[in-house]
Visitor: 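I have a structure here, written as structure tokens, and I will follow up with some questions on it.
No experiment lies behind these values; they were computed from the predicted model shown.
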Amino acid sequence: MNPATIATVNALIEIGVFAFKSIKAVQNGDKTPEQIRAEWPAIAAKLDDAWAAWEAAGKSTGKNNG
């Protein structure tokens with residue numbers, strides 16, 4: 001796998017883990033939905049970085065990966 005694919009897969013896994021942990025934290029009363037929303041930008045940035053790597057890999061190989 002190329003680094004862009006690995007970065008994308010890792011970002012998607014992290015989003016899934018974030019979702020499951022967030023649901024459990026809210027259900028247990030450990031966090032409020034507002035606290036979860038405040039954490040989201042850091043997770044979303046990782047996905048943005050992964051997409052940027054994906055696009056850069058496509059440009060460097062001359063392929064369209066999207």
Side-chain angles (χ1 to χ4, degrees):
M1 260 193 264
N2 71 42
T5 301
I6 293 169
T8 302
V9 169
N10 285 339
L12 293 172
I13 290 169
E14 191 158 350
I15 288 170
V17 169
F18 173 79
F20 283 113
K21 286 183 176 181
S22 296
I23 290 167
K24 186 165 182 105
V26 171
Q27 287 175 341
N28 291 340
D30 298 332
K31 292 185 179 181
T32 65
E34 291 77 20
Q35 289 171 311
I36 301 299
R37 273 190 224 97
E39 295 172 1
W40 173 247
I43 301 298
K46 291 181 182 184
L47 185 57
D48 289 342
D49 292 344
W51 285 128
W54 184 270
E55 289 176 4
K59 289 177 185 170
S60 68
T61 62
K63 294 180 181 177
N64 182 357
N65 292 321

Visitor: Would a distance-only check, ignoring hydrogens and angles, find a side-chain to backbone donor-acceptor pair under 3.5 Å from Gln35 to Thr32?
Guide: yes
Visitor: By the rule that ILVMFWY residues connect when side-chain heavy atoms come within less than 4.5 angstrom, directly or transitively, which residues belong alongside Val9?
Guide: Ile13, Val17
Visitor: So, taking the atom named CD1 in Ile15 and the one named CG in Asn10, what distance separates them when rounded to the nearest 0.5 Å?
Guide: 11.0 Å
Visitor: What residues form a side chain to side chain contact (heavy atoms under 4.5 Å, CB included) with Asp30, not counting sequence neighbours?
Guide: Ala25, Asn28
Visitor: Less than 3.5 Å apart, which donor and acceptor atoms pair up between the side chains of residues 36-48 and the rest of the protein, not counting sequence neighbours?
Guide:
{"unit_1": "Glu39", "atom_1": "OE1", "unit_2": "Lys31", "atom_2": "NZ", "d": "3.3"}
{"unit_1": "Glu39", "atom_1": "OE2", "unit_2": "Lys31", "atom_2": "NZ", "d": "2.6"}
{"unit_1": "Lys46", "atom_1": "NZ", "unit_2": "Glu14", "atom_2": "OE2", "d": "2.7"}

Visitor: Applying side chain to side chain donor-acceptor pair (under 3.5 Å), can you list everything that pairs with Gln27, at least two apart in sequence or on another chain?
Guide: none
